Amino acid sequence: MIIVTQCGTPEVEIERIIEELRVYNGTVEKIIGKEKVVIGLVTDTSDINLQSIQQISPFIEQVFRVEQPFKRASLEYRYGEYSQVVVQTPNGAVTFGQNHPLVVVAGPCSVENEEMIVETAKVVKATGAQFLRGGAYKPRSSPYSFQGHGESALHLLAKAREVTGLGIITEVMDTADLDKVAAIADVLQIGARNMQNFSLLKKAGAIGKPILLKRGMSATIEEWLMAAEYILSTGNPNVILCERGIRSFDKKYTRNILDLSVVPVLRNLTHLPIMIDPSHGTGYSKFVPTMAKAAIAAGTDSLMIEVHPNPAKALSDGPQSLTPHGFIELMEEVKSLSQYFGRGHYSDLTTSSVISKNRLKING
Ligand code: PEP
Ligand code: MN
């Protein structure tokens, strides 16, 4: 249930309303919007009379139920205001969200050795991207395939972070590794195969770090948002949704179907920031640039791109990885296209229409 207070409602009155709402045995959350404070009451509200809530205070402007099964993830929960996920990186704060510059996350599928991760990170940094990705723990279909170097790869990511100042995004597959991964990662990735691993969602959410939640390969949009709800219900508001392609009947020419229609659909349903991953989405490097650009046109908040110094020798996902040269070329187009769509880019701050002065330090 959403309780919307009038503009300028005194703080003491908001606190009083919150106290009164505690009798309903739910979670009460204060959401400070640009103009109004909205209070979310999450519990079974079917028996609660809207009038009785309205009568708690003359400052209450509106009371309504969130009809969607995902409550905190819904756009109504924030009274139509899109949320931001702000991540502190050594190079400065980076904000994921609508009306913010496009954020680019790039790097190899797996962290293979120090040289390749540090060299890739330097290329990623030079293009103006903000985050390095790379798997230490890999979810592979075959137990005989390379499983990732685990903990030692986390240290290599830390090294790449030290050298470039890029933020780090890496996957956590197992609750047992959460602390180790969270000690290095700026954003924890929960992969497609674990989207409905509810104990992982709850435990990762409780750590409090931003979470990148990939869409399960056969997950409906509602299942995906319900998975996000698990994280949000731990009190962690920092969730980014990543579309990475879904399974279809035709796998002959692409690995997955990259569902770009999720961008406008999610904008209607949720306040959470959106990322598109055309690398896993298509499975072939030659299709990645087209779909990355299409994702910008569709209005994504961020992109995830796999880049490898020698894709033919990659230990995982080589066929879909861009070479450094291919990535540099793509980033040139990404920059002009994101400007064309009024989106701006962190690395080209002077011409962007959407970047405020206080974010000019990012690449400093
Ligand atoms: C990855 O990002 O390398 C990965 C394994 O992704 P997904 O979970 O989308 O398959
Ligand atoms: Mn991969």
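Small disclaimer: the values here were computed from a predicted structure and weren't measured. These values consider heavy atoms only, across backbone and side chains, with no hydrogens, waters or symmetry-generated copies. For ligands, and for the atoms within them, numbers begin at 1 and follow the listed sequence.
Under a 4.0 angstrom heavy-atom cut-off, R215 registers as lying outside contact with ligand 1. Ligand 1 has no atom lying under 4.0 Å from any heavy atom of G135.
In summary, D259 and R244 do not engage in a salt bridge, as defined by a charged side-chain N under 4.0 Å from a carboxylate O. The pair E119-K122 meets the salt-bridge criterion, with a side-chain N (NZ, NE, NH1 or NH2) lying under 4.0 Å from an Asp/Glu carboxylate O. Salt-bridge annotation for D277 and K214: present, with a side-chain N of the basic residue lying under 4.0 Å from a carboxylate O of the acidic one. A salt bridge links K30 with E15: the closest approach of a Lys/Arg side-chain nitrogen to an acidic carboxylate oxygen falls below 4.0 angstrom. Note on R193 versus E171: no salt bridge recorded, every NZ/NE/NH1/NH2 to OD/OE distance being 4.0 Å or above. Using a cut-off of 4.0 Å between Lys/Arg side-chain N and Asp/Glu carboxylate O, K71 and E229 are scored as not salt-bridged.
Close contacts between ligand 1 and E306 involve ligand atoms 3 (O) [criterion: under 4.0 Å to a heavy atom]. Against a heavy-atom cut-off of under 4.0 Å, C109 is close to the following atoms of ligand 1: 3 (O). Heavy-atom contacts of R193 reach the following atoms of ligand 1: 7 (P), 8 (O), 10 (O) (cutoff under 4.0 Å). Short contacts between ligand 1 and G191, defined as distances under 4.0 Å to a heavy atom of the residue, involve ligand atoms 8 (O).
At least one N or O atom of A192, backbone or side chain, sits closer than 3.5 Å to an N or O atom of ligand 1.
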For this session: Evaluate the side-chain hydrogen bond (donor to acceptor under 3.5 Å, both in side chains) criterion for residues D317 and H280: first the C-alpha distance (whole Å), next the side-chain angles of each, then the deciding distance (0.1 Å), finally the verdict.
Result: CA-CA 8 Å; D317 285 350; H280 295 86; 2.9 Å; yes
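For atom 9 (O) of ligand 1, the closest non-hydrogen atom on the protein side is R244 NE, 2.6 Å. Distance from atom 6 (O) of ligand 1 to its nearest protein heavy atom, with residue and atom name: K214 NZ, 3.0 Å. Of all protein heavy atoms, the one closest to atom 4 (C) of ligand 1 is H280 NE2, 3.4 Å. Of the protein's heavy atoms, R133 NH1, 2.7 Å lies nearest to atom 2 (O) of ligand 1.
When heavy-atom distances to ligand 1 are checked against a 4.0 Å cut-off, K138 comes that close only through its side chain, counted from C-beta outward.
Side-chain contact check for I14 versus F59: every heavy-atom pair is 4.5 Å or farther apart.
D317 has its closest N, O or S atom to the Mn ion (ligand 2) at the position named OD2. Of all N/O/S atoms in E306, OE2 sits nearest the Mn ion (ligand 2).
Counted within 6.0 Å of CD on E35, heavy atoms from surrounding residues, nucleotides or ligands total 12 or fewer; the atom is thus considered open.
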